[in-house]
Amino acid sequence: QFYRRFGFAENKGRSRDLSVSDGMIRQPVEASSKRLGMATSERDAPRATIRQPIAHITGEEIAPPNTDVRTLRRSAEQWYEANLAGTREPSAALGRDVGFPNGRKAISTSGNPDKLRAFAGLRDLIAKGELLGSKPDARGEKNVKAWHYLGGVVEIDGRPVELSVTVREDNNGDLYYNHVVRSAEE
């Protein structure tokens, strides 16, 4: 039971790996995540099939063009706190509201200007985004029941940018977002 929390499985039966003599084995994280259909990078995330933009933003809602990333990050945090933090948006695809908790992690870890500017289209993505898939939590994270993936194209200053949102469902059934940005040309 203890080792299963860390992704180990018994090495027996039909799935036995005869190249390993150990009683328990674990696939590398990258391989097991892909096998389960979980995104391990932006390129691995499920993709939307609807190509029409679900939102049109200028790209200047967060900060003026040519703003350096550090300033853009600060502006995105301020915009998020003023417009999204502590609110909820009904998702047609999930049939429930998705909450916007503290956004500092997504903001502070991003160096991608599109990702930072895309916060202005996040409400539309949650409300109108296509359900790309759902998976029960297989990583053993505390208070995580499942992961849901929403996606769609948002037009930023006339340029299509594909956004996918990872929505975390906690053990109480509440939904919270975490987003990933990928350009539609990739």
Side-chain angles (χ1 to χ4, degrees), residues 1-50 54 80 84-85 88-112 114-115 118-119 122-123 125-154 161-184 186:
Q1 192 68 311
F2 173 80
Y3 288 103
R4 286 195 176 112
R5 274 190 275 169
F6 300 105
F8 286 89
E10 290 187 65
N11 190 18
K12 67 180 188 180
R14 289 181 161 219
S15 61
R16 183 172 183 159
D17 184 349
L18 297 173
S19 66
V20 179
S21 63
D22 294 329
M24 298 204 68
I25 59 172
R26 183 178 80 143
Q27 296 293 324
V29 174
E30 186 82 4
S32 64
S33 295
K34 283 183 180 176
R35 183 175 41 79
L36 294 168
M38 302 296 287
T40 56
S41 72
E42 293 177 3
R43 290 188 185 276
D44 295 337
R47 299 189 82 114
T49 58
I50 299 171
I54 57 175
Y80 180 92
L84 295 175
R88 300 186 72 72
E89 184 68 30
S91 169
L94 294 172
R96 292 186 280 164
D97 290 355
V98 175
F100 298 102
N102 180 332
R104 286 190 175 92
K105 181 182 176 198
I107 293 167
S108 66
T109 60
S110 180
N112 180 338
D114 282 345
K115 184 173 186 175
F119 276 96
L122 193 54
R123 271 197 197 285
L125 182 63
I126 295 292
K128 304 173 200 170
E130 173 185 358
L131 180 62
L132 304 177
S134 296
K135 300 282 180 192
D137 179 52
R139 295 182 276 189
E141 293 192 31
K142 281 187 176 179
N143 198 28
V144 176
K145 181 179 177 182
W147 298 95
H148 307 285
Y149 304 98
L150 299 175
V153 175
V154 173
V161 176
E162 185 175 329
L163 301 177
S164 62
V165 179
T166 304
V167 177
R168 173 180 59 88
E169 181 177 354
D170 69 14
N171 291 331
N172 296 325
D174 293 326
L175 302 173
Y176 301 98
Y177 92 99
N178 178 39
H179 83 247
V180 171
V181 175
R182 183 175 43 207
S183 83
E186 289 179 13

Checklist entry - Do the rings of Phe119 and Tyr177 sit parallel, tilted or perpendicular, given the 30° and 60° boundaries? => result perpendicular

Item to check | Val153 side chain near Val161 side chain, heavy-atom distance below 4.5 Å | outcome: no

Item to check | Closest non-hydrogen atom pair between Gly129 and Ala93, with its separation | outcome: O-CB, 3.4 Å

Item to check | Pairwise side-chain contact, Val165 with Leu122, heavy-atom cut-off 4.5 Å (strictly under) | outcome: yes

Next on the checklist: To the closest 0.5 Å, what do you measure between CZ (Arg123) and CG (Leu84)?
Outcome noted: 5.0 Å

Checklist entry - Does some side-chain heavy atom of Trp147 sit less than 4.5 Å from a side-chain heavy atom of Arg168? => result yes

Checklist outcome for this item: Taking every heavy atom of Leu175 against every heavy atom of Glu169, the minimum-distance pair comes out as CD2-CB, 3.5 Å

Checklist entry - When rounded to the nearest 0.5 angstrom, what is the spacing between CG in Leu125 and CD1 in Ile54? => result 4.5 Å

Checklist entry - Can any side-chain N or O of Asn143 pair as donor or acceptor with the backbone N or O of Asn171 at less than 3.5 Å? => result yes

Next on the checklist: Give me the atom names and distance for the closest heavy-atom approach of Ser164 to Leu132.
Outcome noted: CB-CD1, 4.5 Å

Checklist entry - When rounded to the nearest 0.5 angstrom, what is the spacing between CG in Leu150 and OG1 in Thr166? => result 9.0 Å

Checklist outcome for this item: Closest non-hydrogen contact found for Arg88 with Gly99 is NH1-CA, 3.3 Å

Checklist entry - Where the side chain of Ser91 meets the backbone of Arg96, is there a donor-acceptor pair that is under 3.5 Å apart? => result no

Next on the checklist: Minimum heavy-atom separation for Val98 and Leu94, please, with both atom names.
Outcome noted: CG2-CD1, 4.0 Å

Checklist entry - For the side chain of Asn172 and the backbone of Asp174, is there at least one donor-acceptor N/O pair under 3.5 Å apart? => result no

